[in-house]
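Numbers restart at 1 for each chain; the letters A, B, ... are given by sequence-line order, proteins then strands.
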2 protein chains.
Amino acid sequence: MPTIRDVAKMAGVSVATVSRVINQSGYVNTKTRAKVLHAMKHLNYKPSTVARGLAGKKMHFIALILPDISNPFFSELARAVEDVAQQHDFTVFLCNSDNDDNKEANYIEVLKKKNVDGLIISSNTFNEKDIESFRDDKIPVVILDRSIINEGYSIVRSKNREGARLAVHHLLEHGCRKIAHISGPQKTDTGRERLYGYEDVVKLFSWYDPTLIEEGQFQIEGSDIALQNLLRRHPDIDGIFAGNDLMALGVLKELRKQGLRVPTDIAVCGFDGIMLTKLTQPTITTVAQPIYQMGAKAAKMLVQKIRGEQTGSQLFEFEVKLIEGESTQRNHCKNS
Amino acid sequence: MPTIRDVAKMAGVSVATVSRVINQSGYVNTKTRAKVLHAMKHLNYKPSTVARGLAGKKMHFIALILPDISNPFFSELARAVEDVAQQHDFTVFLCNSDNDDNKEANYIEVLKKKNVDGLIISSNTFNEKDIESFRDDKIPVVILDRSIINEGYSIVRSKNREGARLAVHHLLEHGCRKIAHISGPQKTDTGRERLYGYEDVVKLFSWYDPTLIEEGQFQIEGSDIALQNLLRRHPDIDGIFAGNDLMALGVLKELRKQGLRVPTDIAVCGFDGIMLTKLTQPTITTVAQPIYQMGAKAAKMLVQKIRGEQTGSQLFEFEVKLIEGESTQRNHCKNS
DNA sequence: ATAGGAAATGTAATCGATTACAAATGAGCA
DNA sequence: TGCTCATTTGTAATCGATTACATTTCCTAT
C-alpha cells in the first residue's frame with residue numbers, strides 16, 4: 001500500500017502539497033495538481049482513513065443499534081439507513097442489542113473507542129447514561145422508533161398511539177364488539193404507546209375489561225400463548241389488535257390451529273406494515289408505518305448533524321396509515 | 001477523552017509502561033501495574049482503536065457484503081455473522097451490494113481504506129479482481145453461499161445441486177408428473193446449481209422440456225410473471241420447484257389469484273428454509289439450508305484467519321434437508 | 001519604486017497509540 | 001569480586017495522514 005510520502009516523492013513535491021490536492025484545500029498550482037493526481041493514479045494510492053482519523057478527521061462511519069436484524073421491521077430500517085449512509089460515503093456498523101442492556105453498553109464502549117462519527121439507536125431498552133456519554137463527546141445521536149425525553153437528541157418516530165386508535169376503530173367499524181389486545185413489551189415505548197391508543201378507544205365501552213390485554217414480546221413466538229390466555233378468559237372475543245405484525249402473524253397461525261376462522265369468527269389487525277402481511281392467507285390488516293422512510297430520515301438527519309449542518313434536537317413524527325387486508329373484511333351487519 | 005499520556009502522567013510512569021499494561025506484553029512490576037490500572041480506571045481511559053490501528057494493530061472490524069439485508073435469508077445470515085463477530089470483539093460493517101458490480105467495487109475500495117481486518121462476501125456477482133486485491137494485501141476473505149474457484153479463499157456453502165434433486169424427487173413422490181422450475185438468476189452460482197439439480201432429475205422424463213424453466217430474480221417480485229409464462233406454455237403443470245422460498249411465496253400468491261389450489265392442483269416446493277415458509281397457508285415445503293450455522297461458520301473461519309490460526313483455503317459444505325410443508329401434501333394416488 | 005497581498009510550496013509538529021532500543025537495577029553464580 | 005542475565009522502566013522513532021507556520025515568488029495598486 002503506497003503512502004502519501006510515496007506519492008509526494010513520485011510527484012516531486014512535499015506531502016503537504018499532496019494533502020492539499022487530496023483535500024482540495026489551500027493553493028495548488030494547476031500543473032502541480034496534475035502531477036500529483038497522476039502519481040496518485042499511477043501508484044493506485046488510497047489515503048488511509050485510519051491515519052486521517054487520527055489526525056482529527058471523520059472516520060466516516062456510523063453505528064446502527066437495533067434489537068435484532070433478523071426481524072423484518074428492523075431489516076427494512078437497516079436497509080434504508082445503509083442506503084442513505086452509502087450515498088453520503090458513510091459505512092454502517094451493525095449492532096444487534098437483543099434489547100440487552102449489557103450488550104448495548106458494551107457496544108457503546110467499543111463504538112467510542114473506534115471513533116464512530118454518529119449513532120442511530122432504535123433499540124428498545126437503552127441506558128440513557130450510555131447515550132449521554134455520546135453527547136458529552138459531541139457525537140451526534142438520532143433516536144429511531146422511540147419516544148424519549150426530548151433533550152439533546154433528535155428523534156424519528158411515527159404516531160403509535162394514533163395508529164392504535166385507528167386499528168381499534170377499524171375493528172369496531174367492521175363489526176367487532178369485543179376487542180382484545182396483545183401488546184408489545186411494556187418496557188418499550190412503542191409497546192406502551194400502542195396500548196394507550198387501544199385503551200383510549202375501548203375504555204368507553206361497557207365490555208371493556210383490563211383482562212382483555214396480554215403482553216407479548218413483539219415476536220411470533222409467545223403470541224400463541226398470549227392468544228390462548230385471552231381466549232380462555234374471553235371466549236367471545238371477535239377482534240384482536242396485535243401490537244405488531246409479527247404477533248398478528250402468530251395469532252393468525254394459532255387461530256387456525258384452534259379452528260377459528262379469520263375474519264369470520266375473529267378479525268385481526270396488526271401494526272407496522274411489513275411485507276409479510278401481504279403474503280399470508282388471509283392478508284393482514286395493519287397500521288403501516290413508512291418504515292423505509294423512517295430509516296432514511298434518521299440517517300439523513302444523522303449525516304447532517306455530523307456535518308454540522310444541523311444542531312439541536314428535532315422531533316420528526318411520521319403519519320401512519322391503515323392498510324386494509326382480508327383479516328378484517330367481515331360483514332358489517334353487526335355494526336349497522 | 002483521556003489519552004495514554006494522561007494515564008502515564010497520573011500513574012507517574014512512561015507511556016511505554018502503560019502500553020505494556022494494556023497489551024500485557026513485556027515486563028511490568030506488579031505494583032506499577034496496579035498504579036497504572038488504577039489511573040486507567042480513574043480517568044475512564046479507553047485506548048483509541050484508531051491510534052492502535054495506525055500503529056499496526058488490528059482495527060477489529062470485518063465487513064459483510066451481501067445483496068440485500070432486507071431479504072430474510074440474508075438477514076438471518078447477517079444475524080449469525082454479527083453474533084459470532086461480537087463474541088470475538090469484532091464489529092461488522094454492513095454492505096448491501098444489490099448484486100451491483102459498481103457498488104461492490106466501491107465498497108471494496110472503502111473497506112481497504114478503512115483497514116478492515118477481514119471480509120465475508122455472500123454477494124452473487126462479484127468481480128474476482130476486486131477480491132484478489134484483498135488477497136494481495138493479505139486480508140482474509142471468506143466466501144459465503146457461492147461456489148467459486150477454490151483458490152486462496154475459503155468457502156462456506158450448502159449442497160445446492162443435491163438439494164434441488166431432493167426437491168424434485170419429493171414432488172415426484174407426491175404425484176407430480178410435470179414439474180416446472182422457476183430458477184434463480186443464472187448469473188448467480190446458487191441459481192445455476194439449483195437449476196442443474198432440477199435438470200439432473202427431470203431430463204430423464206419424456207415430459208421434460210426446457211420451456212418448463214423460467215428465470216426469476218430470487219425475489220417475490222417477478223415470480224408472478226414467471227409463473228404466468230409457465231402456465232401459458234404448460235397449462236398442465238402440477239408441480240413447481242422454485243429456486244428459493246421468496247419465489248415460492250410469490251408463486252403461492254399468484255396461484256391463489258389464478259384460482260388454482262395448492263397442493264391439490266399444483267404442488268409447490270421452495271429452497272432455503274426461511275421462517276416465512278412456516279407461516280403461510282398452506283405452509284411451504286422447502287429444502288432447508290442451515291442458514292444461521294452457515295453464517296456462524298463463515299464468521300468463525302474468518303476470525304481464525306485474521307488471528308492467523310488458520311491459513312490456506314478451505315471448503316465447508318453444509319447438508320440440506322427437505323422440510324415437508326402442506327404445499328406438497330397431496331394424494332399419492334397418481335404416483336402409485 | 002515599493003508595500004501589500006495572493007499564490008505556491010515546504011518544514012515540522014501533531015494526532016494516540018506501539019515498540020525497538022537503551023539503560024538501570026539486582027540477583028545468582030563461578 | 002566480577003560477570004551474566006532476568007527484570008523493570010524510559011526515550012524516542014514510527015504508523016500515515018493533517019495543518020500551522022514559514023518562506024518564496026510574483027502581481028498589483030499607489
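- Rounded to whole Å, atom P of C:dT14 lies 22 Å from atom CE of B:M1.
- Counting all heavy atoms, side chain and backbone alike, B:A8 lies closest to B:V18 at CA-CG2, 3.7 Å.
- Going from atom CZ of A:R5 over to atom C1' of D:dC15 covers 9 Å, rounded to whole Å.
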Practice item. For side-chain hydrogen bond (donor to acceptor under 3.5 Å, both in side chains), just list the numbers for B:N23 and B:S19, CA-CA rounded to whole Å, side-chain angles, deciding distance to a tenth of an Å, and then say yes or no. Key: CA-CA 6 Å; B:N23 297 289; B:S19 180; 3.2 Å; yes

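- The NZ-P distance, from A:K9 to C:dT9, rounds to 20 Å in whole Å.
- At the phosphate of D:dG16, neither OP1 nor OP2 sits under 4.0 Å from any side-chain N or O atom of B:K113.
- Taking the ring axis of A:Y153 as reference, the NZ or CZ atom of A:R135 stays within 45° of it and closer than 6.0 Å to the ring centre.
- Under 4.0 angstrom from either OP1 or OP2 of C:dG16 there lies no side-chain N or O belonging to B:K57.
- When rounded to the nearest whole Å, the span between CE of A:M59 and C1' of C:dC15 equals 12 Å.
- Taking a 4.0 Å limit (strictly below) on heavy-atom distances, residues 10-31 of chain A reaches DNA chain C at A:G12, A:V13, A:S14, A:V15, A:A16, A:T17, A:R20, A:Y27, A:V28, A:N29.
- With rounding to whole Å, A:R52 atom CZ is found 15 Å from D:dG16 atom P.
- Using cut-offs of 30° and 60° on the angle between ring planes, the pair B:H42 and B:H38 is parallel.
- B:T32 comes within 4.0 angstrom of the backbone, heavy atoms only, and of no base.
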Cut-off 3.5 Å, no hydrogens considered: what does the side-chain donor-acceptor table look like for residues 291-298 of chain A, sequence neighbours left out?
unit_1 : atom_1 : unit_2 : atom_2 : d
A:Y292 : OH     : A:D83  : OD2    : 2.4

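- Going from atom CG of A:D6 over to atom C1' of D:dA17 covers 13 Å, rounded to whole Å.
- As rounded to whole Å, 11 Å separates atom P of D:dA17 from atom CE of A:M40.
- Rounded to an integer number of Å, the gap from A:L54 CG to C:dA13 C1' is 13 Å.
- Side-chain atoms of B:K305 and B:T311 include no donor-acceptor pair closer than 3.5 Å.
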Only pairs under 3.5 Å count here: list side-chain donor-acceptor contacts from residues 60-75 of chain B, not counting sequence neighbours, and write none if there are none.
unit_1 : atom_1 : unit_2 : atom_2 : d
B:H60  : ND1    : B:D89  : O      : 3.1
B:D68  : OD1    : A:R79  : NH1    : 2.9
B:D68  : OD1    : B:S70  : N      : 3.0
B:D68  : OD1    : B:S70  : OG     : 2.9
B:D68  : OD2    : B:S70  : OG     : 3.0
B:N71  : OD1    : B:F73  : N      : 2.9
B:S75  : OG     : B:P72  : O      : 3.2

